[in-house]
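What follows is a single structure, written as structure tokens, with notes after it.
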Amino acid sequence: QVLFMASLVMSRLLFAIYITVPRPAELKKYNAVYMRALRKNPGCSRFSAEVAHNDLQVRQLLNQPSIDCWIARARLA
């Protein structure tokens, strides 16, 4: 599921991101979509009654970088 998210969701989310400089409001939207996709994998929804993990813990659990790192990689590639 993580490979599916990395290939389809991230390619569409970050399409041509290396051309523009996203503003903080846009980064917040990108991060919301990214974290929603990541949280589906371990099954820890952000708005459930038993929220146990924050965003950093979910990324560490799945061994995934932050959205800022994805954008930096897209610009350097």
Side-chain angles (χ1 to χ4, degrees):
Q1 289 180 346
V2 174
L3 289 174
F4 174 76
M5 189 271 311
S7 65
L8 294 179
V9 175
M10 294 308 291
S11 65
R12 184 66 182 142
L13 182 65
L14 299 178
F15 177 74
I17 194 70
Y18 55 88
I19 297 172
T20 64
V21 177
R23 295 176 298 203
E26 293 169 345
L27 278 176
K28 191 174 181 179
K29 290 178 186 177
Y30 291 146
N31 191 49
V33 173
Y34 176 60
M35 288 309 301
R36 193 174 309 127
L38 281 182
R39 286 179 178 276
K40 293 285 184 183
N41 292 323
C44 53
S45 174
R46 185 180 181 112
F47 300 109
S48 67
E50 58 276 345
V51 174
H53 303 295
N54 60 19
D55 290 350
L56 177 62
Q57 291 169 338
V58 170
R59 285 197 323 263
Q60 288 175 344
L61 179 69
L62 296 173
N63 198 21
Q64 293 296 309
S66 67
I67 194 70
D68 299 333
C69 184
W70 278 101
I71 292 172
R73 286 181 184 175
R75 286 189 180 150
L76 293 175

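In this text, all values refer to a predicted model and were calculated from it rather than measured experimentally.
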Could you work out, with side chain to side chain contact (heavy atoms under 4.5 Å, CB included) as the rule, every residue matching L56, not counting sequence neighbours? N54, R59, Q60
One should read off an interatomic distance between L38 CG and I67 CD1, to the nearest 0.5 angstrom, of 8.5 Å
With salt bridge (Lys or Arg N to Asp or Glu O under 4.0 Å) as the rule and sequence neighbours excluded, what pairs involving residues 14-33 come up? R23-E26
Can you list the residues that meet the side chain to side chain donor-acceptor pair (under 3.5 Å) rule with Q57, with sequence neighbours excluded? none
Does R75 have any side chain to side chain contact (heavy atoms under 4.5 Å, CB included) partners at least two apart in sequence or in another chain, and if so, which? Y18, V21, P22, I71
Listing request: all salt bridge (Lys or Arg N to Asp or Glu O under 4.0 Å) pairs with a residue in residues 61-72, at least two apart in sequence or in separate chains. none
Quick one: side chain to side chain donor-acceptor pair (under 3.5 Å) partners of Y34, sequence neighbours excluded? W70
